[in-house]
Amino acid sequence: MNGSVAYPQKGMVLLVKEYLKGEESLEQILYEWGYAVLVVSDLKEALLLAKQGSPFIVFVGLSLARDVEKIELIKQLGRLSLMGVAFVVDCFSEATYSLAREIKGGMFLFPPIEEGKVRSLITNLLPEFDKSLPSLRQKSMSGESEDVMPIAVWTQDFSVQKKFLEEIFPIDSKKSIHTFLLENRHILHACIALSRIVDADSRTLDFFSVSSVHELQSLFQSSFSSEGEIFNIALFEALLKGERFFEKDIFLTLPDGTSSASVLIRWSVPYGRTDYTNVHVVALDVSSIKQSVFELELQKKKFERIFQSSPAGIAILDPSLKAMEVNDAFVHMFGFSSKDEIMGKSVSDFIVPSKYMAQSLSICQMVLNGKKVFLETQRCRKDGQIIDVFLNSSPVTMPGGIVAICYLYTDISEKKRGETLLKRKLKVEQMVSEISAEILNYPSLENAIRSSLHKMALYIDADRVSYLVKRHGKISCRWARVSFRLLR
């Protein structure tokens with residue numbers, strides 16, 4: 001693409017469609033509001049456009065935050081974009097959510113994508129456009145809805161705290177701000193009292209079930225006056241360092257006592273501002289997310305109990321066969337002193353005998369192709385002892401594809417030894433039975449013995465069998481050669 005991009009007054013909006021399906025509603029809303037929306041297929045294409053001129057905001061799917069290369073591309077887009085990156089939550093995991101929150105300017109838009117949610121996000125960034133947009137009825141936080149609640153927005157002034165702190169903290173003492181404020185709580189409480197909420201729209205008041213800015217002010221001062229001291233110290237330190245945003249997860253009980261919620265709150269200095277006189281605050285009800293995380297944690301603990309109590313040795317390996325997790329039975333089965341000996345290392349180097357290495361690689365490839373593999377094979381303990389195992393290999397899948405391989409080992413050495421002894425016993429019994437019948441049915445006993453030598457050699461894998469005959473005090477040695485054709 002040659003030349004520069006001509007941006008309209010409101011700025012260009014970049015919408016990256018990579019892994020982001022079914023979000024035509026978002027694109028349509030932005031078009032209806034008069035934004036110049038450029039829809040691109042991937043992050044690399046978006047970055048090329050962004051380098052030609054700063055876009056207003058970039059929308060990407062949260063699922064992209066699971067790939068290291070794509071995260072770096074998103075960070076570059078965030079630096080080029082005027083208002084940063086808005087993540088459309090097309091997937092959810094604690095890891096991706098935390099990772100995306102580290103990206104400067106990162107915001108979240110939860111499905112279903114509705115006009116009210118998009119409007120709240122856009123007007124938070126550019127409040128001057130709020131009056132030109134149609135007014136929408138917002139849901140109250142106390143309303144019954146399974147959806148993630150809409151964003152609430154207000155404006156707060158921290159300039160007085162910044163000035164106050166700069167006066168009492170000389171340059172050389174800023175390093176000990178945490179200790180100082182904890183030892184001088186009257187100063188800490190004075191800073192908290194200086195907090196002033198300048199403005200909050202009706203959506204924000206509905207969100208927190210309060211009727212005025214004064215009630216909202218009281219709500220947050222009481223929320224942070226006890227357990228939030230450490231957060232306030234971090235907030236005031238951020239002011240002194242000139243950081244552009246800080247955030248906090250709180251559990252908020254509403255004034256009417258009817259409901260409570262986990263709320264993620266983020267304070268951010270508007271683009272181009274440095275005085276902290278007009279800090280934008282965004283609040284999002286993340287109760288359903290917290291509940292999902294809690295349920296996932298319960299499932300994780302349940303899985304861990306099953307994983308550790310299993311009598312079979314279990315190893316979770318990454319696609320390069322390096323150990324991500326092993327249970328106690330695996331450690332004991334292969335003679336390790338602890339799982340630390342194997343974690344992060346290639347399991348093949350420890351437990352796969354050299355003659356089975358090709359088989360191990362073949363199994364890995366089959367599982368990575370989505371197949372399950374079951375077979376009896378042999379593996380090696382740490383002390384070199386070869387053991388017979390039954391191996392169950394299966395892929396560990398996530399929405400993005402196969403992320404690991406689960407190997408389940410059952411030690412069948414005793415079973416194999418028992419099978420070997422049983423086969424040997426049956427073989428001996430069959431040999432005795434056939435030779436006895438041979439001797440009994442042969443006209444000449446000596447010829448019968450000589451004839452039975454062939455069968456005896458066959459059972460004991462010998463190519464020659466000899467016997468001694470003593471007749472009239474004289475001993476003679478006789479033997480019968482068994483052909484290789486017969487043996488095979």
Side-chain angles (χ1 to χ4, degrees), residues 1-91 95-110 113 117-129 151 241-247 266 268-274 280 282 400:
M1 183 177 293
N2 299 322
S4 60
V5 179
Y7 300 125
Q9 183 181 1
K10 292 184 180 180
M12 177 183 71
V13 176
L14 273 177
L15 178 59
V16 182
K17 297 290 281 188
E18 186 174 4
Y19 297 150
L20 192 60
K21 299 178 180 178
E23 293 308 331
E24 289 76 10
S25 57
L26 173 59
E27 185 178 342
Q28 184 63 34
I29 290 170
L30 294 171
Y31 273 128
E32 289 176 356
W33 287 356
Y35 286 98
V37 183
L38 291 184
V39 181
V40 295
S41 60
D42 55 46
L43 288 169
K44 291 182 179 179
E45 185 181 354
L47 191 58
L48 288 174
L49 286 174
K51 286 180 178 178
Q52 299 179 46
S54 300
F56 165 58
I57 191 170
V58 180
F59 287 91
V60 303
L62 183 60
S63 56
L64 293 177
R66 290 181 296 200
D67 186 289
V68 175
E69 180 183 358
K70 289 184 172 60
I71 290 170
E72 183 56 38
L73 291 174
I74 293 171
K75 288 181 178 178
Q76 293 183 50
L77 283 170
R79 289 191 287 268
L80 293 170
S81 174
L82 293 176
M83 295 302 170
V85 177
F87 291 95
V88 179
V89 186
D90 55 344
C91 73
T96 53
Y97 188 67
S98 300
L99 194 58
R101 281 171 60 179
E102 295 175 6
I103 296 176
K104 189 174 181 179
M107 293 151 282
F108 297 92
L109 186 60
F110 288 83
I113 304 300
K117 294 180 182 179
V118 181
R119 178 178 184 271
S120 296
L121 187 145
I122 298 293
T123 55
N124 170 52
L125 300 175
L126 293 178
E128 58 267 30
F129 291 127
I151 298 172
K241 290 181 178 180
E243 295 180 7
R244 299 192 60 82
F245 72 87
F246 31 90
E247 59 190 17
R266 177 170 176 143
S268 58
V269 181
Y271 182 78
R273 301 283 183 87
T274 57
H280 288 169
V282 176

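Numbering of residues begins at 1 and proceeds along the displayed sequence.
Counting heavy atoms from C-beta outward, Glu45 and Leu48 have side chains that stay 4.5 Å or more apart. Leu80 places a side-chain heavy atom less than 4.5 Å from the side chain of Leu47.
Among all heavy-atom pairs drawn from Glu243 and Val269, the shortest one is O-CG2, 4.3 Å. Contact between Val16 and Leu43 at its shortest, heavy atoms only, is CG1-N, 3.9 Å. When all heavy atoms are compared, the tightest approach of Ile71 to Ala65 is CD1-O, 2.9 Å. In this structure, Phe56 and Ser81 approach most closely via the heavy-atom pair O-OG, 3.2 Å.
Atom CD1 of Ile74 and atom CD of Glu69 lie 11.0 Å apart (nearest 0.5 Å). The NZ atom of Lys17 sits 13.5 Å away from atom CG of Asp42, with the distance rounded to the nearest 0.5 Å. The distance from the CG atom of Leu26 to the CG atom of Leu109 is 6.5 Å, given to the nearest 0.5 Å. The distance from the CD1 atom of Ile57 to the CG atom of Leu15 is 11.0 Å, given to the nearest 0.5 Å.
Checked for salt-bridge contact, Glu72 and Lys44 miss the test: no charged N lies under 4.0 Å from a carboxylate O.
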